[in-house]
2 protein chains.
Amino acid sequence: MNILEKIANEIDTFSKSERKVAEVILASPSTVIHSSIAALAKQANISEPTVNRFCRRLDTKGYPDFKLHLAQSLANGTPYVNRHVDENDTADEYTEKIFESTMANLDLARKSLSTNLINRAVDLLTQANKISFFGLGASAVVAHDAQNKFFRFNVPVVYFDDILMQRMSAINSTQGDVVIVISHTGRTKSLVEVAHLAKENDATVIGITSAGSPLAKECHIVLSVDVAEDTDLYMPMSSRIAQLMLIDILATGFTLRRGAKFRDNLKKVKDSLRSSRFERKE
Amino acid sequence: MNILEKIANEIDTFSKSERKVAEVILASPSTVIHSSIAALAKQANISEPTVNRFCRRLDTKGYPDFKLHLAQSLANGTPYVNRHVDENDTADEYTEKIFESTMANLDLARKSLSTNLINRAVDLLTQANKISFFGLGASAVVAHDAQNKFFRFNVPVVYFDDILMQRMSAINSTQGDVVIVISHTGRTKSLVEVAHLAKENDATVIGITSAGSPLAKECHIVLSVDVAEDTDLYMPMSSRIAQLMLIDILATGFTLRRGAKFRDNLKKVKDSLRSSRFERKE
DNA sequence: TCAATTATGAAATAAAATTTCATAAAAGTT
DNA sequence: AACTTTTATGAAATTTTATTTCATAATTGA
């Protein structure tokens, strides 16, 4: 953890003198990294040994080591954090905040992903006879994107964002089919039912959803992506982006598993678009 | 500048002994920040004063100050960079690389966005009688997502990913309508034509595309999102994520412009979903 | 080849940090 | 409240670390 945060957190557990040091440091950390222990002690009106003890209490080896940690905290600058958009933000401000928050959430998501499960999911996908992607609302967008990617692989892929079509498709699925159900909350009733139907018909069900949700319980594999709640403006934001990255990862895993020749094929698919485009004149 | 890079850059201008120090440092900077000047001198087989001179040559005040700089370079850690997926990558590796690359590209995209233009686009959107989103392939996904967001605002919104529907819709558009055309390359013929048709019919055309492209030339406003090419596996990856963030930004700008009362409305829209979901029991 | 310049390290010095230890303050205990 | 124990603190001594000085070695240029 960032040592500045740590100081701020633990300041209540400090002794009186230690608190004085903490305050001086928090007030101007960038000055402190250029101060000697004597200078800092004087600034805080306490003795040098106290500063030293303060450093050790924060699990550093001593004052110089402490300064190193402090320097790193400062350099780390602003690690991405969730920042809420405020009513009076200018375009500059909310743009910055949205980027910040998304990055912070992607960072979170990355840490929460299980590469083991991804590996297994890729296994199943490469062996599938048919792949279906189901989602509603914002997750329909993710399903749509997944279709766009997997479609290139010359595998039968469908995507539905219509409850009835999803149900019919689920009922028609059989062993060897993989059904990917996408829902951030995992609590959308009709999607849980769809997952259930697919499972009953022996399809393999993979959930891109939150762990422990009702939907998760119906899935053979749950790929959960942790993201701070999208509370800002009552719209799904980071969650769907993290889900899209998961799609990218699955698609990438798929192509790698299929080998080099397969990737030449992808190039052909891409090249097939050329005539629909204006030439680039350079 | 990062002091590690600086060392790497200037290594040719160093004397023989200084180069030895540089090599030891570059080989394992994280060890060095915990070494005394004596330890480092010994490691590099040179004397302590040489290390000291080395530090000063790099514009630091001395060895301790140098360590501080070094610590900061390390903390800055690995700024996100584009890393290409390799044939033999494990799930762990490609997952990491995809996250890395996406983050790097979002960082790029953030820097390239013009908040001025965003502001103008938001202006136009809030005044629009009707908003249309057009895209094809991966950009259709973005258009789809945009519809999902703007639809909540109780404004007439359509999205089409069908060329004919797009053309018909464009021809039917009139003054007061805003048409947003999405294309990463900006070279897809049919979309350029759609933009042209919409413009001819006095709609305001906003392009989410690359600056200077044929599509850009047909737009009243061009919101360009710079992203390194998606060359990896012949699939759009980062580009569409950056586009989605731009949609988030536009949607956010929209809601802010509309004021607090409007945002209560959004909450209602979201709450309307409740009965379609399983309750959360805690 | 020889001066001039530059680079280097041993030793001395200076600076900084840490330890030791005595004392003061605070917290318990009767 | 008086006393003991524990904890916190700083002065001084010590140790560690960094820097300076200066003599010598290596390199460069004539």
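Residue numbering restarts at 1 for every chain, and letters A, B, ... go by the order of the sequence lines. Please read all numbers here as calculations on a predicted model, not as lab measurements.
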Point to revise | Sidechain N-carboxylate O distance under 4.0 Å for A:Asp65, B:Lys67 | key: no
Review point. Rounded to whole angstroms, how far apart are CG on A:Leu40 and P on D:dG10?
Key: 13 Å
Point to revise | Nearest non-hydrogen partners of A:Pro214 and A:Gly186, listed with the distance | key: CD-O, 3.3 Å
Exercise for review: Within residues 45-55 of chain B, find the residues that approach DNA chain C with a heavy atom at under 4.0 Å, and present them sorted by residue number.
Suggested key: B:Ile46, B:Ser47, B:Pro49, B:Thr50, B:Arg53
Check your understanding: Hey, are A:Asp145 and A:Arg240 close enough for a salt bridge, meaning a charged N less than 4.0 Å from a carboxylate O?
Key -> no
**Study point:** Contact under 4.0 Å: A:Ser15 side-chain N or O vs D:dT9 OP1/OP2
**Key:** yes
Review point. Which pairs count as ring-ring contact (aromatic ring centres under 6.0 Å, His included) when at least one residue sits in residues 31-58 of chain A, sequence neighbours excluded?
Key: A:Phe14-A:Phe54, A:Phe54-A:Phe66
Point to revise | A:Phe14 CZ to D:dT7 P, straight-line distance once rounded to whole Å | key: 18 Å
Practice item. Give a yes/no answer on whether the side chain of B:Lys16 brings an N or O atom under 4.0 Å of OP1 or OP2 in C:dT6. Key: no
Study note, to complete from the structure: Expected list for residues 18-33 of chain B near DNA chain C, using heavy atoms below 4.0 Å, is none
**Study point:** Pairing residues for A:Ala109 by the side chain to side chain contact (heavy atoms under 4.5 Å, CB included) criterion, not counting sequence neighbours
**Key:** A:Val225, A:Val227, A:Ala242, B:Phe99
Practice item. Check whether any side-chain N or O of A:Lys111 sits under 3.5 Å from a backbone N or O of A:Leu106 as a donor-acceptor pair, and report yes or no. Key: no
**Study point:** Polar side-chain atom of B:Glu18 near backbone of B:Ser15 as donor-acceptor pair, under 3.5 Å
**Key:** yes
Review point. Do B:Arg57 and B:Glu10 sit within salt-bridge range, that is, some charged N less than 4.0 Å from a carboxylate O?
Key: no
Protein-nucleotides 14-16 of chain C N/O pairs closer than 3.5 Å?
none

Practice item. Considering only NZ, NE, NH1 and NH2 on the basic side and carboxylate oxygens on the acidic side, decide whether A:Asp12 and A:Arg19 come within less than 4.0 Å. Key: no
Study note, to complete from the structure: Sorted by chain and number, sequence neighbours left out, side chain to side chain contact (heavy atoms under 4.5 Å, CB included) with B:Ala91 holds for A:Thr115, A:Asn119, B:Tyr94
